[in-house]
Amino acid sequence: MNAPAKSDEFASAVPAGVFAEKVLSVTHYTDRLFRFTMTRPQGFRFRSGEFAMIGLMVDGKPLYRAYSIASPAWADELEFFSIKVPDGPLTSHLQNIKPGDEVLMRKKPTGTLVLDALTPGKRLYMFSTGTGIAPFASLIRDPETYEKFEEVILTHTTRDVAELKYGFDLVEEIRNDELLSEVVGDKLRHYATVTREDFPFTGRITDLIENGKLFSDLGVPALDIATDRGMICGSSAMLKDTKDLLEKAGLTEGANSKPAEFVIERAFVG
């Protein structure tokens, strides 16, 4: 059974101890990216920024991958943002889901991109590339983020302009939400760049940190351990290079068990 299945057929194959949730909506942004929402299991709790193992039955067996939960902890639905990999073991099937289909999800969320893993600060940077924006989609819609930080800077770098649309949609949704917009106010700043097309801001985020253009564009000081905190999610090369730059500025990597000045998510979608 390689395709997403309808309820009756699917239910008999669902492994024990796993949620089977119904797809509510699917939005295809490009031939490489899509967003989908599904029902949230009763009693399922998570912290904004965590990821879950979601999957499908493929060839009669459950196949899972780590996906950041893009919806905030308070939301009634679960949202995910995914790449499409033509020959990807899971994504080649997941990209074909439609409302009414069902998706598997293991019961325990986890992850390091959570507010609890950071020490108090003034300004929070969220550095993301590609679908690495997903955990930050959760955090920028969580009021707790704005209780802990005076300024939240979401950076999102993609190859093409079309791949930035999800981030712009998120910011627009916040501005159009009566309750969220009041909480967020002018604390959220969105810095989008591309690497392969013309756009107001271009270049890899690591280059823009290193040459100082990120800070001059935003009108803020360079990274400072006294005020700045960071979260990083993207490709493995981007994680390493951004980590090096933050450490060069004096920031230390933290974890759930030992909060510090920045955190990295090393779970990948495939």
Side-chain angles (χ1 to χ4, degrees), residues 21 23-27 29 33-52 54 66-82 103 105 109-118 120-158 163-192 218 229-234 256 262-265 267 269:
E21 297 304 312
V23 175
L24 300 172
S25 68
V26 183
T27 303
Y29 282 94
L33 300 169
F34 70 106
R35 169 190 199 175
F36 68 96
T37 62
M38 65 186 198
T39 52
R40 178 173 178 167
Q42 187 174 3
F44 177 71
R45 297 173 63 85
F46 69 96
R47 294 177 295 173
S48 294
E50 289 189 315
F51 67 86
I54 67 171
Y67 273 81
S68 291
I69 304 170
S71 44
W74 53 262
D76 294 331
E77 302 171 358
L78 297 179
E79 177 184 319
F80 299 91
F81 184 49
S82 178
V103 173
M105 184 174 71
T110 188
T112 54
L113 294 182
V114 292
L115 296 172
D116 293 343
L118 293 174
K122 174 185 175 183
R123 185 181 295 112
L124 174 59
Y125 285 94
M126 300 173 175
F127 298 109
S128 68
T129 57
T131 54
I133 194 175
F136 304 140
S138 174
L139 285 157
I140 64 172
R141 290 183 280 183
D142 192 325
E144 187 183 357
T145 303
Y146 304 95
E147 292 170 7
K148 293 194 169 186
F149 294 93
E150 297 174 25
E151 189 173 19
V152 177
I153 298 173
L154 170 66
T155 83
H156 187 210
T157 302
T158 61
E163 296 174 344
L164 293 173
K165 186 170 178 3
Y166 176 66
F168 283 107
D169 282 355
L170 289 171
V171 173
E172 188 66 20
E173 286 167 20
I174 290 172
R175 288 177 180 152
N176 291 331
D177 185 292
E178 187 176 350
L179 295 177
L180 263 184
S181 62
E182 188 173 329
V183 171
V184 175
D186 58 1
K187 288 185 173 184
L188 176 63
R189 306 185 66 183
H190 179 207
Y191 186 83
L218 292 169
R229 301 295 176 262
M231 293 177 159
I232 314 170
C233 192
N256 281 288
F262 74 90
V263 286
I264 295 173
E265 186 55 81
V269 174

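Only heavy atoms go into these numbers, but all of them, side chains included; no hydrogens, no water, no symmetry mates.
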Hits for side chain to side chain donor-acceptor pair (under 3.5 Å) against Asn176, two or more places apart or cross-chain, chain-then-number order -> Glu172
Between Met231 and the options Tyr125, Phe136, Phe262, the side chain to side chain contact (heavy atoms under 4.5 Å, CB included) test singles out Phe136
Inset, instruction - Kindly say whether Ser71 contributes a backbone atom to a donor-acceptor pair with the side chain of Ser138 at under 3.5 angstrom? - result: yes
I want to check something: taking the side chain as every heavy atom from C-beta on, are Met105 and Leu78 in contact at a cut-off of under 4.5 Å? yes
Paired with Ser68, the side chain to side chain contact (heavy atoms under 4.5 Å, CB included) test is passed by just one of Pro109, Pro135, Ser82, namely Pro135
* Asked: Under the 3.5 angstrom rule, does the side chain of His156 hit a backbone N or O of Gly130 as a donor-acceptor pair?
  -> yes
Interatomic distance, CD1@Ile140 vs CD1@Ile133, rounded to 0.5 Å, equals 6.5 Å
Original post:
Is the shortest heavy-atom distance from the side chain of Lys148 to the side chain of Asp116 under 4.5 Å?
Top reply: yes
Check whether any side-chain N or O of Ser128 sits under 3.5 Å from a backbone N or O of Thr155 as a donor-acceptor pair, and report yes or no. yes
Is Thr112 reaching over with its side chain to a backbone N or O of Ile264, donor-acceptor style, under 3.5 angstrom?
yes
Geometric class of the Tyr166/Phe81 ring pair [parallel <30°, tilted 30-60°, perpendicular >60°]
parallel
For Lys165, the salt bridge (charged side-chain N to carboxylate O under 4.0 Å, His left out) test, sequence neighbours excluded, returns Asp169
Got a donor-acceptor contact below 3.5 angstrom from the Arg229 side chain to the Pro120 backbone? yes
Residues passing the salt bridge (charged side-chain N to carboxylate O under 4.0 Å, His left out) test with Glu79, sequence neighbours excluded, are Arg35, Arg141
